[in-house]
2 protein chains.
Amino acid sequence: MKKKVSIHDIAKQLNVSAATVSFVLNGKATEKRISEEMEQKILKHVKELGYRPNRVAKSLRTGKSKIIGMLVEGIADPFFSGIARIVEEHAYKLDYKIFYASTENEPKIAKDIISAFRDTQVDGYIIVPPPGIEDDIQALMDDNLPVVLFDRYFPGLASCNIVVDNFDGVYQAMRHFVKNEYKNIGFVTIPSTQTQMRDRLNGYHHAINENGLSPLVKMVSFNVKPDHERYKQEIKHFLEANPQTDAILFATNYLAISGLEAIKQLGLSVPDDIAVIGFDDNTHFSLFSPSITAVAQPVQEISDQVMQQLMACLAGNEKAPAKQTIVLQTKLIIRESSQKTSYLVR
Amino acid sequence: MKKKVSIHDIAKQLNVSAATVSFVLNGKATEKRISEEMEQKILKHVKELGYRPNRVAKSLRTGKSKIIGMLVEGIADPFFSGIARIVEEHAYKLDYKIFYASTENEPKIAKDIISAFRDTQVDGYIIVPPPGIEDDIQALMDDNLPVVLFDRYFPGLASCNIVVDNFDGVYQAMRHFVKNEYKNIGFVTIPSTQTQMRDRLNGYHHAINENGLSPLVKMVSFNVKPDHERYKQEIKHFLEANPQTDAILFATNYLAISGLEAIKQLGLSVPDDIAVIGFDDNTHFSLFSPSITAVAQPVQEISDQVMQQLMACLAGNEKAPAKQTIVLQTKLIIRESSQKTSYLVR
DNA sequence: TTATATCATTTAATCGATTAAGCAATCCAC
DNA sequence: GTGGATTGCTTAATCGATTAAATGATATAA
């Protein structure tokens, strides 16, 4: 049942050599001085047979696969899947395919997948790195493989990184709170030392100090898997223990969801009892009642840059292109959840 | 800089043949009667060198890749990305990798990607088919390649399909509306003749007829890309043109979002002015005010079945395993948006 | 006329594995 | 001690492409 037409079959049927067919198929007919007549004959026959070259064989020979491996923290996270979609679109236009996988921010999984990508000989890597895989990234770079990190990076590593100004994103959100006269502003985050979380926390502290406020930080406990129920409980306890809290900034989109649920269960009203801002915008946030203010990451721009930088690496493979960290700005989308009802124009 | 250790290098360094190394590495030492001593020597040396076999070469020879191609409508859709995540987890346990891609429900993109998957010699296919690719699916099956469709299927095709009972899902939602004494129940859907949408529409009509109600169907206009703004406008117009509508069922998760926004902009209150149920549950629905009732698809079960069936196909490759359509049940998650406020226990 | 270019295509090596078949050396039975 | 089995490994073909080098034919130049 399985039809396997190889380049040799084509060649045999036309009484030519496989090489000739290969040249024609790779658009090298002119360069290799294949006659117009021969070229047409081959092209026609190839089309008739519906022959498709075996890319595995091609890849074995050329070492190229026209595939880009993309490793994100979780494909189910709207932030990452949103970027994935745009990157995918870019890639197809450039005749590349994207293979995704999720790490769940686990070094072990990430290592395994990077290893699998290498085995598959992907041409480039787009990676949202979990902690502790510096060496693996470095190893890729040592072997001259194009790598672009995004969302976070390793300060010691001379990789190409696309990130947002997390510090400023949080800082702007805090300024907005302050401007609206909130005094006891909490910050809910996870106990991570990765750059993106570290910067967000620093942004918070900076704003707190600048305004002479006292910090109110809740780190949800570390767990292998983000545990929605657990986060909710912990945030509830935090709010009960700190009833003076009149505003709260969630450091990730899933924390915002857990937190909003906690707030709902406590019967607190947003924004009158407590104001809310989330890091990462979300299609749904405008629909909540009240709608949720958010620090929006420039998803389109991140995707564009990721692809652009990767393509640059792919092109100038030998002379290592000036690796750099590109920092994009976030945008505060002000909605109802962050300003006292009395201020709202109804 | 690039180190490329091949099986021949290993062999040469140990003064043995590549074949011997290959046998040992594939666990065929005993079968091929390689001495214990030799085996250990090879294993040790391989470990020391950190040699990793080239899977492209392996794949070329064996025709296997340990990769599964997964084609969904949109990786950014939480329904699909949720399933992707679970399937991925299963796959890793079985030493398979998943390559995702999105079709945007476009036949052309789907054909291209299926073609690319074939070129990559993936071992199996998990596909959410857009319309018009019956022939491509059939072609895969003709070549004895393991294929599992999910979410929707082609009635004429003897493929393995994992779907939910869309008819009953909608029907149960409608019964719930009726029980709560809603009389003018609208149904917002897309003009698709694919099985999943067809069955949902049929479920609606069945319930309408059974209860002697009059149908109120809005098909948003067809567009290449789901256009959130446009959907919203159309739903707004629909509601304005049919002010008697006291309940509405959205046939997809993104329609629900657009619809809820439309309702919000019209200043209607849910559920008192209009009750709402969405097809597909969502992490956020419990957080809306009011919370949104939804027809939840059994995401875990779908993922489990997809993987189980695919593995069955992969195993018993020659004797075509009894292809079948597996129908799973949905579950109505009743929340606030679908019952009049007066009924609620506060 | 001989040497040199140009043309159009083929030969054959190669990528890095797998695996059927082959071949010495040793062992065992009668 | 001769034939057959067993052991332990090697040879070489193969998967399906790419591509440098070779080839043979004709055309042009000196």
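Below, each value reflects all heavy atoms present in this structure, side chains not excepted, and no hydrogens, waters or symmetry copies. Throughout, a chain's letter reflects where its sequence line sits, starting with A, and its residues are numbered from 1.
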(request) Applying side chain to side chain donor-acceptor pair (under 3.5 Å), run through A/N161 and A/S159 and close with a yes or a no. (result) CA-CA 6 Å; A/N161 312 310; A/S159 52; 2.7 Å; yes
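Following rounding to the nearest Å, A/I34 (CD1) and C/dT10 (P) show an atom-to-atom distance of 8 Å. As a whole-Å value, the separation of A/Q40 CD from C/dA8 P is 15 Å. Distance NZ (A/K12) to P (C/dT10): 14 Å, rounded to an integer number of Å. Taking atom NZ of A/K41 as the reference point, atom P of C/dA8 lies 14 Å away to the nearest angstrom.
Relative to the axis of its first five pairs, the axis of the last five pairs of the helix from C/dT1-D/dA30 to C/dC30-D/dG1 sits at 70°, rounded to 10 degrees.
Side chains of B/S22 and B/L25 form no contact here, defined as non-hydrogen atoms less than 4.5 Å apart. A heavy-atom distance below 4.5 Å is not found between the side chains of B/V163 and B/D151.
For the side-chain contact (heavy atoms from CB on, under 4.5 Å) with B/V46, the qualifying choice from B/L49, B/I42, B/L43 is B/I42, the only one to do so.
The footprint of chain B on DNA chain D, defined by a heavy-atom cutoff below 4.0 Å, extends from D/dT7 to D/dG16.
In this structure, B/D123 contributes its side chain and B/I68 its backbone to no donor-acceptor pair below 3.5 Å. Checked by atom type and distance alone, the side chain of A/E88 never pairs as donor or acceptor with a backbone atom of A/K97 at under 3.5 Å. The backbone N or O of A/V299 lies less than 3.5 Å from a partner atom in the side chain of A/S303, making a donor-acceptor pair. B/T195 contributes a side-chain N or O that, together with a main-chain N or O of B/Y153, makes up a donor-acceptor pair within less than 3.5 Å.
The number of heavy atoms from other shown groups lying within 6.0 Å of CD (B/E48) is above 12.
Salt bridge status for A/R85 with A/E89: present, with a side-chain N to carboxylate O gap under 4.0 Å. Between A/R152 and A/E73 there is a salt bridge, since a side-chain N of the basic residue sits under 4.0 Å from a carboxylate O of the acidic one.
Checking B/R33 against B/R61, the closest nucleotide of DNA chain D that is more toward the 5' end is the one next to B/R33.
A heavy atom closer than 4.0 Å to some atom of DNA chain C occurs in A/N15, A/V16, A/S17, A/A19, A/T20, A/F23, these being the qualifying members of residues 13-31 of chain A.
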